[in-house]
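To keep things clear, I will list the structure first and then write my remarks on it.
Throughout, protein chains are lettered first and strands after them, A, B, ... in sequence-line order, and every chain is numbered starting at 1.
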There are 2 protein chains.
Amino acid sequence: MPDTLSTPTRIRNIAELARLAGVSTGTVSRALADKSLVNKDTRERIQALAREHGFRPNQMARRLRVQETKVIGVVVPLGHEQRQHLSDPFFMAILGHLADTLTENGYDIMLSRVIPDADDWLERIVDSGMLDGVLLIGQSNQFETIERVAQWYRPMVVWGSHRPGQTHCTVGVDNRQGGRLAGECLIKAGRKRLAFLGEAIAPELKDRYDGLCDAAAAAGLPAPIKLDTHLASDVMAEDIAAHIERIHAEVDGIVSASDLIAMHAVRALADRGIRVPEDISVTGFDDLPLAEQTIPRLTTISQSIAVGARAMVQALFERIAGTDSASVEMEPKLIRRDTA
Amino acid sequence: MPDTLSTPTRIRNIAELARLAGVSTGTVSRALADKSLVNKDTRERIQALAREHGFRPNQMARRLRVQETKVIGVVVPLGHEQRQHLSDPFFMAILGHLADTLTENGYDIMLSRVIPDADDWLERIVDSGMLDGVLLIGQSNQFETIERVAQWYRPMVVWGSHRPGQTHCTVGVDNRQGGRLAGECLIKAGRKRLAFLGEAIAPELKDRYDGLCDAAAAAGLPAPIKLDTHLASDVMAEDIAAHIERIHAEVDGIVSASDLIAMHAVRALADRGIRVPEDISVTGFDDLPLAEQTIPRLTTISQSIAVGARAMVQALFERIAGTDSASVEMEPKLIRRDTA
DNA sequence: GCAGATACAACAATCGATTGCAATACCCTT
DNA sequence: AAGGGTATTGCAATCGATTGTTGTATCTGC
């Protein structure tokens with residue numbers, strides 16, 4: 001601290017430091033990068049000088065020159081949601097793991113600006129020149145846009161469903177299989193009047209619904225009814241409340257599109273005195289850490305977020321290195337707890 | 001799409017586009033910025049050309065030149081936590097709101113790399129030249145470091161407690177008052193054997209504990225016992241489990257340092273057949289959206305995260321503009337629900 | 001003592017934009 | 001037709017680094 005205060009001038013760039021040290025900028029640059037090309041003594045002298053003045057080279061300039069930003073963009077497509085639901089717990093959970101992995105590898109994370117009304121939002125992000133790669137969390141209803149960009153932009157990996165023939169690289173679970181597992185769990189518990197709680201616009205959610213339908217069909221049950229619910233957590237509560245009467249009358253088993261929805265549903269049912277799982281069974285999806293801490297604990301489908309995040313990053317790194325890594329589809333797993 | 005495919009060459013910079021348009025780079029730059037200085041016809045011609053080739057100017061270069069990055073760093077100091085708990089729901093909740101506000105104002109967000117073992121982590125972030133400003137979520141045990149940097153770096157705002165005489169600008173609630181409110185709530189419910197669940201290393205959490213002590217003292221009760229708990233969600237469960245016996249024996253009212261801790265506590269108590277609030281009262285802190293959806297609903301202290309996030313961003317913008325905005329301390333509010 | 005190798009540092013081009021200033025062309029006025 | 005003004009555009013410096021090439025001592029060996 002004392003030396004920080006005693007220094008009269010802050011050094012703003014490598015040139016000033018060079019003048020101070022009586023050498024050229026090139027030498028300073030190499031010295032700070034600790035290259036053996038410069039004499040050990042001068043190198044250490046320059047480094048000491050830099051430390052003393054608290055100087056650190058401007059990263060913007062360095063990255064422009066080196067053409068490598070060490071920044072990865074992480075984006076949630078918000079195509080079909082007006083409200084930005086960045087606070088969605090699933091996004092946050094996976095973001096946490098992505099942050100861990102990327103940080104370990106020396107990358108920073110940029111949550112890029114998304115302008116949902118412009119249809120070139122992804123191009124804008126990808127083309128900004130600020131990013132070495134892009135990770136998308138969820139496909140939303142932006143499948144076409146993602147495909148279009150994937151035609152020419154390689155370092156991009158998407159969390160979501162894999163459709164045969166698609167160009168873009170996805171990592172995710174077999175959502176249809178997950179939906180089926182949830183359905184079978186309910187059916188095995190004797191439930192016959194099933195419903196899907198969520199919205200089936202995004203491919204990954206539609207797949208879950210389809211899986212549920214598979215399970216119902218296999219058991220000779222009618223197609224489960226579909227109850228639309230926004231994913232933004234503040235409107236979700238109302239949406240679910242609006243469905244409650246119908247659920248009370250027509251449903252005895254609910255497959256929710258996410259853990260958050262399941263939590264809200266259990267809560268809303270409790271408000272009406274409907275008990276879970278005695279009166280109605282409920283399943284979640286995602287297996288967030290939260291799912292284990294609720295009362296009652298959520299029965300849910302595990303997406304193993306940590307593994308998924310790691311897979312996304314690995315695939316991305318391969319793509320940054322030039323390899324066209326393939327999509328990864330993981331097996332979902334039923335986590336049986338208290339709600340079904 | 002057809003025209004995207006028909007173009008043989010991708011344009012990589014403004015110079016190529018200039019050659020293609022038969023003008024100088026300066027003109028292209030001005031045309032793309034839609035400056036009236038260039039002829040309307042050429043301007044539109046250039047813009048059309050750019051659109052056709054899907055060209056967008058390199059942001060890294062632009063930002064280096066204009067010395068304005070339009071990027072704000074958002075950082076959680078992890079000083080006293082080994083595990084990175086980026087998935088902490090409070091952080092995520094406030095991050096969501098920050099993202100909304102910053103995005104509306106044309107800023108991007110960078111989750112900067114934090115190397116907890118190096119003591120110049122903040123200098124490194126602040127000095128990278130990549131950021132127009134920095135927002136810190138929580139002070140952790142890094143008060144000194146933050147102060148040191150605040151001496152010379154203005155565009156920084158911190159979520160946390162305000163200590164008299166500090167240099168850095170904070171936004172937060174009166175944590176001591178919040179702790180007192182929670183304590184008074186329990187005392188009013190007839191609880192006499194109080195405990196604080198959390199860790200009192202970070203100033204904001206210590207303040208909450210002190211407030212609880214105030215309330216106890218005012219009611220003539222002994223000082224509440226302090227039960228340490230990590231904030232990282234995966235070890236938290238074990239930590240709490242380890243305290244359960246002692247709680248069972250010695251405690252009838254718990255003030256938790258956060259909603260997440262409260263949730264875990266309620267869950268752990270339920271595992272032992274201890275009912276909340278019949279046997280033990282529990283309060284949370286933060287009033288996360290989740291607190292309203294749990295069973296039973298959490299009684300908690302509201303931090304009004306949305307308002308706080310907006311205040312942080314506003315203070316930051318003032319500081320970027322050159323004004324030395326003052327700290328903001330908001331009034332906490334008791335939200336009475338089911339657990340106390 | 002000299003050729004050749006080695007070590008070190010300076011020079012200058014480069015990354016891809018922005019922008020103040022200079023230059024040109026054209027129009028209008030008298 | 002000359003002079004002054006305006007509308008456009010080009011030129012070149014600049015932001016702050018990195019890095020290939022060149023230049024100059026110094027050293028080694030014979």
Side-chain angles (χ1 to χ4, degrees), chain A residues 9-47 49-50 53-71 106 108 124 126-132, chain B residues 9-47 49-50 53-71 106 108 124 126-132:
Chain A
T9 53
R10 267 196 86 69
I11 295 194
R12 354 194 86 273
N13 55 34
I14 231 176
E16 289 185 15
L17 187 59
R19 204 155 32 73
L20 217 71
V23 296
S24 75
T25 63
T27 303
V28 170
S29 174
R30 281 185 257 257
L32 293 181
D34 212 36
K35 297 234 169 105
S36 59
L37 231 64
V38 333
N39 184 298
K40 189 150 175 290
D41 291 343
T42 39
R43 206 192 322 160
E44 283 170 358
R45 190 164 53 83
I46 293 174
Q47 287 173 0
L49 217 52
H53 289 258
F55 172 75
R56 251 167 290 270
N58 183 304
Q59 291 302 310
M60 196 75 79
R62 133 164 262 281
R63 291 166 183 194
L64 170 61
R65 175 60 228 249
V66 184
Q67 295 289 77
E68 191 197 46
T69 68
K70 288 284 181 181
V71 179
D108 286 335
R124 217 180 289 202
V126 146
D127 235 20
S128 67
M130 299 273 308
L131 305 174
D132 283 351
Chain B
T9 54
R10 268 196 83 72
I11 295 194
R12 358 194 84 272
N13 57 34
I14 232 175
E16 289 185 15
L17 187 58
R19 203 156 32 72
L20 218 71
V23 296
S24 74
T25 63
T27 304
V28 170
S29 172
R30 282 185 260 256
L32 293 181
D34 213 35
K35 297 234 170 111
S36 60
L37 227 64
V38 333
N39 184 300
K40 189 152 173 286
D41 290 345
T42 39
R43 207 193 319 163
E44 283 170 359
R45 189 164 54 85
I46 293 174
Q47 287 174 0
L49 217 53
H53 289 258
F55 172 76
R56 250 168 291 270
N58 183 305
Q59 290 301 310
M60 196 76 78
R62 133 163 263 281
R63 290 166 184 194
L64 171 60
R65 175 61 226 248
V66 284
Q67 296 287 78
E68 194 199 42
T69 68
K70 287 286 181 179
V71 178
D108 285 335
R124 217 179 289 202
V126 147
D127 237 21
S128 67
M130 299 273 308
L131 305 175
D132 282 351

Phosphate oxygens OP1/OP2 of C:dC8: is one of them under 4.0 Å from a side-chain N or O of A:T42? no
Does the side chain of A:N58 reach to within under 4.5 Å of the side chain of A:N13, using non-hydrogen atoms? no
Quiz item: Under 3.5 Å, side chain of A:R63 to main-chain N/O of A:K70, donor-acceptor pair present?
Solution: no
- Task: Kindly indicate whether the side chain of B:K40, heavy atoms from C-beta on, has any atom under 4.5 Å from the side chain of B:R43.
- Result: yes
Only one of B:D34, B:T42, B:D41 passes side chain to side chain contact (heavy atoms under 4.5 Å, CB included) with B:V38, and that residue is B:T42
Point to revise | Check: B:R45 and B:V23 side chains under 4.5 Å, non-hydrogen atoms | key: yes
Given protein heavy atoms under 4.0 Å, the one-letter contact record of nucleotides 11-24 of chain C, with B base, S sugar-phosphate only and - none, is simply B-BBBBBBBB----
Worksheet item: Between the main-chain N or O of A:T69 and the side-chain N or O of A:D132, is there a donor-acceptor pair closer than 3.5 Å?
Response: yes
Exercise for the section: Report yes if the side chains of B:L20 and B:H53 come closer than 4.5 Å at any heavy-atom pair, otherwise no. Expected result: yes
Can you pull every protein N or O that's under 3.5 Å from an N or O on nucleotides 25-28 of chain C?
none

For A:I14 and A:F55 the tightest heavy-atom approach is N-CZ, 3.7 Å
